[in-house]
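All values below were derived from every heavy atom in this structure, side-chain atoms included, with hydrogens, water molecules and symmetry-related copies excluded.
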Amino acid sequence: MNKFYHFRFLPVVLVLLCFFFGRIDAVAQTVVSPCDANPFCSDSSYTFPNTSGNVFTSPASPPVNYACVSTQPNPIWYWMQIGTAGTIQLTVTQTSTSPDIDFALYGPFTDLPAGCAAILAGALPIQSSYSSAATETIGIGLPGGTAGPCNGAPGLSTPPAAQVGEVYIVLLTNFGNQPGTISFSQTAGTGSADCGIICGLFANSNGPICAGEPLHLTTQNEDTVTLFNYIWTDGTNVVATTKNPTLTNTVAGNYTYTVLAISDEGDTCTASVDVTINPRPSVTLVDSTNKVLCNVSSYTLQVAQPTPGAAYQWYFNNDTIPGANGFSYTMDTTGLYRVESVTPEGCRSVSKTVSVVINHTDVDFEFSTHFACDQDTARFVNLSEPGNYWWDFGDGSPEDTTKNPVHVYQDQGQYVVRLKMQDLDGCVDSILKIVDVRHPLVAEFTTNVDSVCQNGEPVQFTDVSTGNRVSWNWDFGDGDTSNLQHPTHAYSLAGSKTIRLIITDSLGCRDTTFRNVYVDSLPFLFLTPDRYELCEGDKLELSIDYLSQTAVGVTWDFGDGVVWKQNDVAVHHYLKPGVYWYTVTVDYSVCADLTATDSIVVKAYPKVDLGPDSVICLDGPSILLRERFNAENPAMKFRWNTGETTPEISVAHPGVYAITVTDQDCSTTDEVVVDKDCYTDIPNAFTPNGDGENDYFYPRQLLSKGVAAFQMTVYNRWGQKIFETNSTNGRGWDGKFNGKDQATGVYIYQIKAVLNNGKIEEYTGNVTLMR
């Protein structure tokens with residue numbers, strides 16, 4: 001509650017309302033004592049009829065000091081309290097037939113009583129005026145007044161700027177003593193007077209309250225005589241125009257309500273009261289609709305946005321639920337539920353009551369099946385509670401809405417049947433069951449073999465069919481049949497046989513299956529060699545005639561440790577003489593393998609030897625060549641490359657001589673080389689490195705006595721002669737030229753030799769010098 005100072009209401013209009021607030025002109029009477037001064041508000045302009053008739057009723061001087069005013073005809077006193085610090089300029093104007101207004105300014109004081117006491121005790125004015133002008137200027141922190149000093153007090157002066165809370169008192173006089181009006185107001189400066197001193201008004205309320213509760217605003221006015229009109233605002237809008245209004249539809253928040261009191265004389269004053277409207281706790285539920293809960297065991301009610309610090313209590317059918325003091329409650333019983341909450345400030349909220357029905361839908365069915373060959377039938381009995389029904393039989397057929405349907409399945413199998421229902425409360429539930437209409441009849445059999453040899457062992461047939469079979473019909477693919485469950489059958493004709501089995505079950509339903517058995521033809525094998533004797537190392541060629549269409553491989557064993565696989569013709573070479581038995585085996589996948597065997601005689605080649613190579617001198621005696629091993633064997637046949645057929649021959653010339661010895665069509669040839677004697681032996685490389693081995697290039701003689709004369713010349717690769725000798729007993733070229741070692745490389749030689757018999761032999765060739 002805010003209190004404003006009370007004053008004696010003057011017939012002064014303080015405010016001219018512009019939508020309840022604005023400028024007011026005041027009407028004043030003579031005030032003869034500073035203790036009864038009228039309050040002044042700096043945001044108003046004051047105009048009043050001035051008193052005339054030379055009324056001198058102010059306190060006597062002395063002790064009061066009026067400075068330059070001297071006398072005080074027709075006085076009126078005003079006072080103001082500083083609300084905003086700064087400079088203040090007041091302009092006073094008089095209108096009359098003989099205007100002459102004067103003033104004296106006192107202060108600053110702490111309050112009005114202190115100022116009044118000080119003036120009555122002789123306090124000096126701080127500014128005054130005693131001129132004949134119709135307008136005077138009063139200044140605080142600004143220049144004001146005229147003339148002076150007078151009576152020890154200033155006239156014209158510039159007092160210090162005003163400070164907040166200071167009180168100033170001013171005396172106005174009508175020295176012209178003529179009827180008229182006096183107006184004064186603040187016309188300049190940065191400070192201002194506090195308008196709260198104009199009246200004594202109190203504002204109160206019944207707050208704090210809770211949002212939504214009525215707010216009672218009350219006004220206490222110390223003036224109980226004057227009639228007032230009242231205007232209440234919330235700082236922005238007018239909320240009431242009565243003295244003690246009641247506001248409804250209150251909203252949480254902190255508010256300042258201000259009341260303006262306007263007297264029937266035009267006087268105004270204000271008072272304010274701060275009001276706290278506390279919010280009510282939130283009890284809005286996440287879902288507050290009435291609901292039927294289908295096939296659930298519980299449901300949770302929850303406050304959407306709980307208020308921190310608030311206490312909550314849940315109710316069931318208007319009874320308190322013990323311990324249910326949280327923001328949520330999980331219920332499992334049909335009934336009415338609500339939640340109440342209260343804040344620490346005592347604000348209470350009650351949620352909407354929610355009706356919750358928990359419904360458990362009873363749905364069930366049973367069925368029976370009836371089998372047939374092409375279609376199967378299922379009969380369903382609905383055990384559910386009353387309602388609407390939808391059947392899904394699991395085979396893609398349309399839904400059925402009858403209560404107890406009969407359904408025909410076109411194919412055998414396991415089907416998931418769903419019954420969905422909606423009960424009379426609108427709850428929906430469903431149940432699933434498996435309907436098994438499998439009674440398969442599948443013909444199938446096995447055989448102990450899938451292939452058999454013609455006229456071989458019987459085939460064993462075993463029925464492994466599925467189903468409640470009661471009869472079997474076999475067709476073995478060769479014209480024979482059987483009604484046994486597990487028959488056997490022997491095949492006398494080759495080829496692929498298709499076996500058919502037809503089975504029949506107890507319903508008369510049938511199924512058929514087929515399987516092939518291959519009957520292999522009887523095989524044959526004939527072996528033919530190209531010879532029965534051969535020489536060691538010669539080729540043996542073997543051919544066979546056999547049933548190749550069903551053979552899976554041919555294996556040859558030649559009796560000498562060599563075995564390989566090869567179809568048709570085989571070729572082999574025996575490396576040692578002897579008698580060998582060879583075998584061919586043909587492998588058949590079904591019929592038994594066939595084997596053929598024969599022998600071959602492998603004869604040895606005769607051993608032939610003419611001895612080592614020999615030499616012969618030109619024009620010298622002939623030499624005898626003789627086969628050393630077989631010359632005395634009359635069974636042997638001899639043939640030389642010279643045409644002779646004897647075991648030995650005589651030769652007089654160099655050359656290659658060969659003899660072929662034949663024993664039972666097996667021939668061996670040997671040869672010897674008869675070289676000429678008495679010729680020069682020429683090396684092709686030498687190494688002149690001083691190691692005593694091949695240090696010289698020289699053509700040594702196999703028979704040095706056969707050479708009568710000798711000449712050798714050596715050239716480098718540029719054709720330069722670097723060595724020459726005629727000595728038959730010299731050491732030859734030592735790899736130097738003019739005493740210097742020659743480079744590693746190839747050199748050219750020319751040799752001319754004269755034999756003892758006068759014949760001349762010449763040689764040209766290359767020799768490599770190596771280091």
Side-chain angles (χ1 to χ4, degrees), residues 523-548 551-588 593-616 623-651 653-675:
F524 58 88
L525 174 62
F526 300 99
L527 172 63
T528 303
D530 67 337
R531 67 185 75 185
Y532 292 96
E533 292 183 349
L534 51 74
C535 298
E536 56 181 324
D538 286 353
K539 177 182 70 175
L540 172 64
E541 185 173 299
L542 302 171
S543 60
I544 56 174
D545 182 16
Y546 65 103
L547 182 62
S548 61
V552 295
V554 178
T555 302
W556 295 87
D557 184 345
F558 294 99
D560 59 352
V562 177
V563 178
W564 72 55
K565 293 182 180 296
Q566 179 177 330
N567 297 339
D568 301 327
V569 177
V571 174
H572 186 62
H573 297 266
Y574 289 93
L575 302 180
K576 294 182 179 180
V579 177
Y580 297 91
W581 288 92
Y582 52 86
T583 301
V584 59
T585 300
V586 181
D587 181 19
Y588 291 94
D593 298 344
L594 295 182
T595 299
T597 302
D598 208 335
S599 63
I600 183 70
V601 176
V602 179
K603 296 177 291 184
Y605 282 100
K607 184 177 181 181
V608 179
D609 184 17
L610 290 177
D613 292 341
S614 184
V615 294
I616 189 172
I623 62 175
L624 181 66
L625 299 178
R626 178 182 175 83
E627 201 284 317
R628 298 182 178 185
F629 293 107
N630 303 291
E632 305 300 330
N633 188 347
M636 298 296 180
K637 296 179 180 179
F638 304 93
R639 178 172 293 279
W640 294 85
N641 59 348
T642 58
E644 289 90 338
T645 58
T646 58
E648 59 185 18
I649 61 173
S650 177
V651 297
H653 302 284
V656 177
Y657 294 90
I659 186 173
T660 298
V661 179
T662 301
D663 181 14
Q664 302 182 58
D665 298 327
C666 295
S667 300
T668 302
T669 300
D670 188 24
E671 66 179 23
V672 295
V673 176
V674 177
D675 288 329

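For D613 against E671, the heavy-atom pair with the smallest separation is OD1-O, 4.5 Å. Taking both residues in full, the closest heavy atoms of P606 and C666 are given as CD-O, 3.2 Å, listed atom of the first, atom of the second, then distance. Closest of all the heavy-atom pairs between L542 and P529 is CD2-CB, 3.4 Å. The heavy-atom pair separating H653 from V674 by the smallest distance is O-CG1, 4.1 Å. V672 and P612 get closest at one heavy-atom pair: CG1-O, 3.9 Å. Contact between D530 and K539 at its shortest, heavy atoms only, is OD2-O, 4.3 Å.
Remark: T645 pairs with no residue by the side chain to side chain donor-acceptor pair (under 3.5 Å) rule, at least two apart or across chains. For D670, the side chain to side chain donor-acceptor pair (under 3.5 Å) test picks out no residue, with sequence neighbours left out. For S650, the side-chain contact (heavy atoms from CB on, under 4.5 Å) partners are S622, not counting sequence neighbours. Partners of T668 according to the side chain to side chain donor-acceptor pair (under 3.5 Å) rule, which considers only residues two or more places apart in sequence or in another chain, do not exist here. Taking S548 as the reference, Y546 meet the side-chain contact (heavy atoms from CB on, under 4.5 Å) condition, with sequence neighbours excluded. Evaluation of the side chain to side chain donor-acceptor pair (under 3.5 Å) rule for Y605 yields D538 as partners, not counting sequence neighbours. Listed by chain and residue number, E632, E648 satisfy the salt bridge (Lys or Arg N to Asp or Glu O under 4.0 Å) test with R626 (two or more places apart in sequence, or in another chain). T528 meets the side-chain contact (heavy atoms from CB on, under 4.5 Å) test with S543; sequence neighbours excluded. In this view, P647 and A631, F638 satisfy the side-chain contact (heavy atoms from CB on, under 4.5 Å) rule, not counting sequence neighbours.
Under the side chain to side chain donor-acceptor pair (under 3.5 Å) criterion, the residue pairs touching residues 561-577 are T555-K565, D560-H572, W564-Q566, with sequence neighbours excluded.
The backbone N or O of A658 lies less than 3.5 Å from a partner atom in the side chain of N641, making a donor-acceptor pair. With W640 contributing its side chain and T646 its backbone, the two residues share a donor-acceptor pair below 3.5 Å. Under the 3.5 Å distance criterion, the side-chain polar atoms of D593 are matched with a main-chain donor or acceptor of Y588.
Screening V608, D609, V661 against F629 for a side chain to side chain contact (heavy atoms under 4.5 Å, CB included) leaves a single residue, D609.
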Can I get a per-line list of side-chain donor-acceptor pairs under 3.5 Å for residues 596-603, giving both atom names and the distance, sequence neighbours left out?
{"residue": "T597", "atom": "OG1", "partner": "T583", "partner atom": "OG1", "Å": "3.2"}
{"residue": "K603", "atom": "NZ", "partner": "Q664", "partner atom": "O", "Å": "2.8"}

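The CD1 atom of I544 lies 7.5 Å from the CG atom of L527; values are rounded to the nearest 0.5 Å. The distance from the CG atom of L594 to the CZ atom of F524 is 9.5 Å, given to the nearest 0.5 Å. To the nearest 0.5 Å, atoms OG1 (T660) and NZ (K637) are separated by 13.0 Å.
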